[in-house]
Amino acid sequence: YKAAENYHKESLTIIRNLYGDSHPTIATTYFNMAGLNAYQGNYDEAISLYEKAKTIWISFFGKDYPSVEKAENSIEIVRRKAKKSEETGK
């Protein structure tokens with residue numbers, strides 16, 4: 001997973017250089033990085049990245065954009081996983 005994380009970070013750097021910090025492509029990269037973090041159990045980081053993606057999508061497309069709902073659903077799923085992890089100690 002470390003290689004995937006490095007590729008995402010490299011992608012983020014390239015996209016920032018091309019488009020700036022708040023382009024929809026950056027939101028997609030944040031969303032993908034969030035999924036990787038969630039899978040690895042880094043729930044706080046995943047939620048933060050999903051929130052960043054959601055904010056960018058809202059600013060570009062409005063709150064009714066389908067990816068905004070996808071991010072909101074993902075945040076809720078990760079919050080539930082984090083709570084379950086806390087409760088079970090895993």
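Computed from a predicted model, the values in this text were never measured in an experiment.
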Open item on the list: As a quick check of understanding, evaluate salt bridge (Lys or Arg N to Asp or Glu O under 4.0 Å) for E51 and K54, giving each step before the final call.
Closed with: CA-CA 5 Å; E51 291 284 359; K54 182 177 106 172; 3.8 Å; yes
Closest heavy-atom pair and its distance - [X], [Y]:
X	Y	result
F31	S74	CZ-OG, 3.7 Å
P24	W57	O-NE1, 3.8 Å
A38	V78	CB-CG2, 3.8 Å
A53	A27	CB-O, 3.3 Å

If I take atom [atom1] from residue [X] and atom [atom2] from residue [Y], how far apart are they, to the nearest 0.5 angstrom?
X	Y	atom1	atom2	value
I58	E72	CD1	CD	6.5 Å
K81	Y39	NZ	OH	9.5 Å
E10	I15	CD	CD1	10.5 Å
E5	K2	CD	NZ	4.0 Å
K70	Y50	NZ	OH	9.5 Å
I56	Y65	CD1	OH	12.0 Å

Open item on the list: Test your reading of the model: is there a side-chain donor-acceptor pair from S48 to the backbone of D44, 3.5 Å cut-off?
Closed with: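 Answer holds: no.
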Any chance [atom1] of [X] has more than 12 other-residue heavy atoms, nucleotides or ligands included, within less than 6.0 Å?
X	atom1	value
Y7	OH	no
E69	CD	no
F60	CZ	yes

Task: Check against side-chain contact (heavy atoms from CB on, under 4.5 Å), M33 and E45 - done: CA-CA 9 Å; M33 290 173 72; E45 182 66 13; 6.0 Å; no
Open item on the list: With clusters defined by side-chain heavy atoms of hydrophobic residues (ILVMFWY) lying less than 4.5 Å apart, directly or transitively, does V68 cluster with I77?
Closed with: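 In one cluster with I77: V68, no.
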